[in-house]
> 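Below is one structure. I have some questions about it.
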Amino acid sequence: MNTKLIHENEKIFFILCMVISLLTYFFLIISLIGIIYLVIGFLITFILHGFSIAQIRNNGVRLTEKQFPHTYHQAKQLSSELDLELPDIYIVQSGGLLNAFATRFFWTTLCRFILGHC
């Protein structure tokens, strides 16, 4: 991975977030009510994430070689430079701007790019 893409404090922030998260989960798990809150929280998060992805796929245009070919080739080039698989990318109209979203529903992140050249 290219070390220029990593901020110098990223490891410190990651460790800090992990410690806080683990302590929070630990205290929630040792309480019976905390287990219920964790299960409800995970279910709500899962459902809302599914609704978000469904809304994007329903209202967006999937980026292909036929739809926005210039942007598709840029995304393909960038993903190959970073040694990443090209995700499904959708173009969505939002407030007069075109936004592109790279989406996966399970275990990956939702990346958002604002297209300045459209």
Side-chain angles (χ1 to χ4, degrees):
M1 177 173 254
N2 190 352
T3 57
K4 293 179 185 176
L5 298 176
I6 299 173
H7 191 271
E8 60 189 28
N9 293 335
E10 187 171 349
K11 289 182 182 180
I12 296 169
F13 292 142
F14 176 76
I15 291 170
L16 182 64
C17 286
M18 284 298 292
V19 168
I20 291 171
S21 296
L22 289 174
L23 286 173
T24 303
Y25 287 127
F26 176 73
F27 288 122
L28 285 175
I29 288 173
I30 60 172
S31 71
L32 184 59
I33 296 174
I35 295 171
I36 296 169
Y37 284 143
L38 283 176
V39 170
I40 291 171
F42 284 125
L43 286 174
I44 289 173
T45 302
F46 182 75
I47 291 169
L48 291 179
H49 185 69
F51 285 151
S52 173
I53 298 299
Q55 189 268 339
I56 290 168
R57 289 186 178 180
N58 187 37
N59 294 328
V61 175
R62 185 171 181 199
L63 193 68
T64 63
E65 291 185 35
K66 294 180 182 178
Q67 297 280 356
F68 298 97
H70 178 69
T71 307
Y72 175 81
H73 290 296
Q74 283 181 333
K76 193 172 184 179
Q77 177 187 0
L78 289 172
S79 65
S80 66
E81 286 177 10
L82 296 173
D83 294 327
L84 298 173
E85 179 185 333
L86 182 65
D88 296 335
I89 302 173
Y90 292 85
I91 306 293
V92 179
Q93 176 81 15
S94 65
L97 297 174
L98 292 177
N99 288 329
F101 292 89
T103 64
R104 295 277 168 112
F105 183 65
F106 231 86
W107 306 118
T108 56
T109 60
L110 178 68
C111 303
R112 178 176 162 192
F113 302 97
I114 297 178
L115 300 175
H117 67 278
C118 292

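Just so you know, these numbers come straight off a predicted model, no measurement behind them.
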> Identify the heavy atoms of Ile89 and Leu86 that sit nearest to each other, and give their distance.
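So the two residues come closest at CD1-CD1, 4.1 Å.
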> Between Ser52 (side chain only) and Leu48 (backbone N and O only), is there a donor and an acceptor less than 3.5 Å apart?
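Side chain of Ser52 to backbone of Leu48: no pair is present.
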> Using the rule that Ile, Leu, Val, Met, Phe, Trp and Tyr join whenever any side-chain heavy atoms are under 4.5 Å apart, tell me whether Ile44 and Ile47 fall into a single cluster.
yes
> Quick one about Gln77 and His73 (side-chain donor to acceptor, distance below 3.5 Å, no hydrogens or angles considered), yes or no?
no
> Is there side-chain contact between Phe26 and Leu22, with heavy atoms separated by less than 4.5 Å?
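Counting from C-beta outward, Phe26 and Leu22 never come under 4.5 Å.
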> Give a yes or no on whether Ile40 and Phe51 share a hydrophobic cluster (residues Ile, Leu, Val, Met, Phe, Trp, Tyr; joining criterion: side-chain heavy atoms under 4.5 Å apart).
yes
> What's the shortest heavy-atom distance between Glu65 and Tyr72, and which atoms?
CG-CE2, 3.2 Å
> How far does CE of Met18 sit from OH of Tyr25, to the nearest 0.5 angstrom?
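Nearest 0.5 Å value for the CE-OH distance: 9.5 Å.
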> Kindly give the heavy-atom pair with the smallest separation between Phe68 and Leu63, and that separation in Å.
CB-CD1, 3.2 Å
